[in-house]
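For the numbers below, each heavy atom of this structure counts, side chains included, while hydrogens, waters and symmetry mates do not. Bear in mind that the values here come from a model prediction, so they are computed numbers and not experimental data.
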Amino acid sequence: MTDLTDPSPWTGPSSDPNDEQFGDIVETATLATAAEYDVVLVGEPYDGAVIGRPGARAGPAALRRELGGTKTHHIERGPVRSVADLGDIEIPAGGVERVQSAVRSMTAEIHATGAVPVFLGGDNSLTFPNAAPLLAHETVGAVSFDAHLDCRAVRDEPTSGTPYRQLHDAGLDALAVVGARHFETSTAYHDYLAEQGGTVLPPASVAGDPAGAVDDALAALGDVDAVYVSLDLDVLSAAAAPGVSAPTPGGLSTRELFGMLGRIASDDRIAGFEVVECAPPLDAGNRTTRAGARAVAHFLSGLGGSR
């Protein structure tokens with residue numbers, strides 16, 4: 001049976017007692033104690049289903065390391081609090097379907113704690129088991145920050161390009177994709193998403209009004225009970241995030257992304273968040289990992305305003 005590894009204690013690199021970092025405030029927890037926290041971090045070291053370049057299995061450790069040295073203070077919202085680390089989900093050997101099934105069993109237990117899970121990936125195939133447990137109890141909408149639609153049909157087995165097709169088949173009520181690029185997803189998949197009532201907001205829809213783009217994405221979900229947010233770091237322009245499976249030009253800026261994440265996290269329906277496709281072996285100058293860790297920090301600061 002899949003389990004969680006024991007989380008390592010967090011530390012921050014600064015010796016200044018007033019220089020509070022996430023390494024100073026993130027505590028370790030178990031499933032039995034997770035309910036004592038607003039947020040629990042969960043690592044998913046897996047990239048066995050990636051379509052492009054592998055490397056995301058190293059994402060959880062790198063994101064934790066970078067987040068540990070990030071200061072907790074947001075200028076408008078103040079410091080982040082009440083965050084724990086549950087450790088990594090143990091990934092079984094075998095095919096993608098077996099991995100998704102095992103991960104789904106564990107994420108169901110994590111969602112049941114009542115804390116908001118923040119999954120540190122890992123490739124995009126795990127979006128399906130991360131969000132699927134929510135479908136059993138509530139109407140669910142997803143907001144995907146991604147250069148791609150990831151709604152390919154499952155053929156031999158799932159991939160990092162199939163999670164939203166799988167979620168729709170399992171009962172996902174609504175999907176909005178923010179930052180999807182021109183010339184990155186085929187017409188057939190755009191047509192599929194349109195048939196599902198999905199919404200696509202390309203980077204041009206974000207430029208100049210990121211807050212408005214978030215509001216449009218949430219409005220597209222209607223009155224669903226729960227909102228799941230996925231961040232594939234390839235939504236950023238390749239210059240800002242080279243260490244992903246499929247870097248492409250023309251994406252969002254880090255400033256646009258951070259502002260949108262803080263805003264969307266303030267929605268009181270948020271039921272989960274993930275950062276996927278952070279591949280440190282492919283990174284240059286630690287840019288992607290740093291952007292991913294700051295994205296987590298901005299999201300957590302937004303949650304603090306609604307809980």
Between the CG atom in D169 and the CD atom in Q166, the distance rounded to the nearest 0.5 Å is 8.0 Å
**Message:** According to a hydrophobic-cluster definition based on side-chain heavy atoms being under 4.5 Å apart (Ile, Leu, Val, Met, Phe, Trp, Tyr only), do F119 and V99 belong together?
**Reply:** yes
Here the gap from Q100 atom CD to R98 atom CZ, rounded to the nearest 0.5 Å, amounts to 13.5 Å
Using 4.0 Å as the upper bound for N to carboxylate O, is an ion pair formed by R269 and D225? no
Let me see the working for Y228 and L134 under side-chain contact (heavy atoms from CB on, under 4.5 Å), right down to the final yes or no. CA-CA 9 Å; Y228 186 83; L134 298 170; 4.1 Å; yes
Q. For the side chain of R287 and the backbone of A239, is there at least one donor-acceptor N/O pair under 3.5 Å apart?
A. yes
From the list V80, D85, L300, V26, side chain to side chain contact (heavy atoms under 4.5 Å, CB included) with V39 holds only for L300
Main-chain N/O of M106 paired to E109 side chain as donor or acceptor, under 3.5 Å:
no
Minimal heavy-atom distance between P7 and A29, with the atoms involved, is CG-O, 4.0 Å
(request) Take R181 and T248, measure what side-chain hydrogen bond (donor to acceptor under 3.5 Å, both in side chains) needs, and give me the verdict at the end. (result) CA-CA 9 Å; R181 309 272 219 286; T248 55; 3.1 Å; yes
Here the gap from I110 atom CD1 to L4 atom CG, rounded to the nearest 0.5 Å, amounts to 5.0 Å
Open item on the list: Do L120 and W10 sit in one hydrophobic cluster, given that two such residues count as connected whenever their side-chain heavy atoms are within less than 4.5 Å of each other, even indirectly?
Closed with: yes
In this structure, CG of L233 is separated from SG of C278 (nearest 0.5 Å) by 5.5 Å
Exercise for the section: State plainly whether the residues R263 and D215 are in salt-bridge range, i.e. N to O under 4.0 Å. Expected result: yes
Worksheet item: Does any N or O in the side chain of S245 come within less than 3.5 Å of the main-chain N or O of R53, such that one atom is a donor and the other an acceptor?
Response: yes
Separation between CG (L41) and OG1 (T28), nearest 0.5 Å, reads 11.5 Å
Correct closest heavy-atom pair for S125 and T159 would be CB-O, 3.6 Å
Examine the side chains of D19 and S14 and answer whether a donor and an acceptor come within less than 3.5 Å of each other. yes
**Q.** Under 3.5 Å side-chain donor-acceptor pair for S301 and R77
**A.** yes
Under 3.5 Å, is there a donor on one side chain and an acceptor on the other for H148 and D232? no
When every non-hydrogen atom of A34 is compared with those of A115, the smallest separation belongs to O-CB, 3.6 Å
Worksheet entry | Any side-chain donor near an acceptor of the partner, T162 and R152, under 3.5 Å | no
- Task: Return yes if some donor-acceptor pair links the side-chain N/O of D234 with the main-chain N/O of A147 below 3.5 Å, else return no.
- Result: yes
**Message:** Looking at T288 and G243, would you say the former's side chain and the latter's main chain have a donor-acceptor pair under 3.5 Å?
**Reply:** yes
Paired with V178, the side chain to side chain contact (heavy atoms under 4.5 Å, CB included) test is passed by just one of L201, I264, D146, L257, namely L201
_Could you see if I25 belongs to whatever hydrophobic cluster contains V296? Use Ile, Leu, Val, Met, Phe, Trp, Tyr and a side-chain cutoff under 4.5 Å._
yes
Shortest non-hydrogen pair, P92 vs A102, comes out as CG-CB, 3.7 Å
query: Considering only heavy atoms from C-beta outward, does the side chain of V40 approach that of E27 to under 4.5 Å?
result: no
- Task: Tell me whether L282 is reachable from V244 by hopping between hydrophobic residues (I, L, V, M, F, W, Y) whose side-chain heavy atoms are closer than 4.5 Å.
- Result: no
Report yes if some heavy atom in the side chain of L231 is under 4.5 Å from a heavy atom in the side chain of E274; otherwise report no.
no
Note to self: Test your reading of the model: is there a side-chain donor-acceptor pair from Q21 to the backbone of K71, 3.5 Å cut-off?
What the structure shows: no
Here the gap from L126 atom CG to E277 atom CD, rounded to the nearest 0.5 Å, amounts to 9.5 Å
So do V200 and L193 actually touch side chain to side chain, heavy atoms under 4.5 Å? yes
Are E66 and T289 linked by a side-chain donor-acceptor pair shorter than 3.5 Å? no
For the pair R165 (side chain) and C151 (backbone), establish whether a donor and an acceptor sit closer than 3.5 Å, ignoring hydrogens and angles. yes
Between A293 and L63, the two heavy atoms sitting closest are N-CD2, 3.7 Å
L31 side chain reached by T113 side chain, heavy atoms, under 4.5 Å = yes
| message | With a 3.5 Å distance limit and no angle check, can you tell me whether S237 reaches the backbone of A240 through a side-chain donor-acceptor pair? | response | no
With a 3.5 Å distance limit and no angle check, can you tell me whether D123 reaches the backbone of A49 through a side-chain donor-acceptor pair?
yes
Requested in this report: Step by step, work out the side-chain contact (heavy atoms from CB on, under 4.5 Å) result for F145 and V229.
Outcome: CA-CA 8 Å; F145 292 89; V229 181; 3.8 Å; yes
In terms of heavy-atom contacts, D88 and P60 come closest through OD1-CB, 4.2 Å
Would V154 end up clustered with L167 when hydrophobic side chains under 4.5 Å apart are linked, directly or stepwise? no
Going by atom types only, do H168 and Q196 share a side-chain donor-acceptor pair under 3.5 Å? no
*asked:* Checking T139 against D173: is there a side-chain donor and acceptor pair closer than 3.5 Å?
replied: no
Notebook entry, point to check: Under a 4.5 Å cut-off applied to non-hydrogen side-chain atoms, are D283 and P242 in contact?
Noted result: yes
Any luck finding a side-chain donor-acceptor pair between N130 and T127 under 3.5 Å? no
Report task. Using modelled atom types only, decide if a donor and an acceptor are shared between the side chain of S160 and the backbone of I51 within a distance under 3.5 Å. Result -> yes
| Is a salt bridge present between E20 and R81, judged by a nitrogen-to-oxygen distance below 4.0 Å? | yes
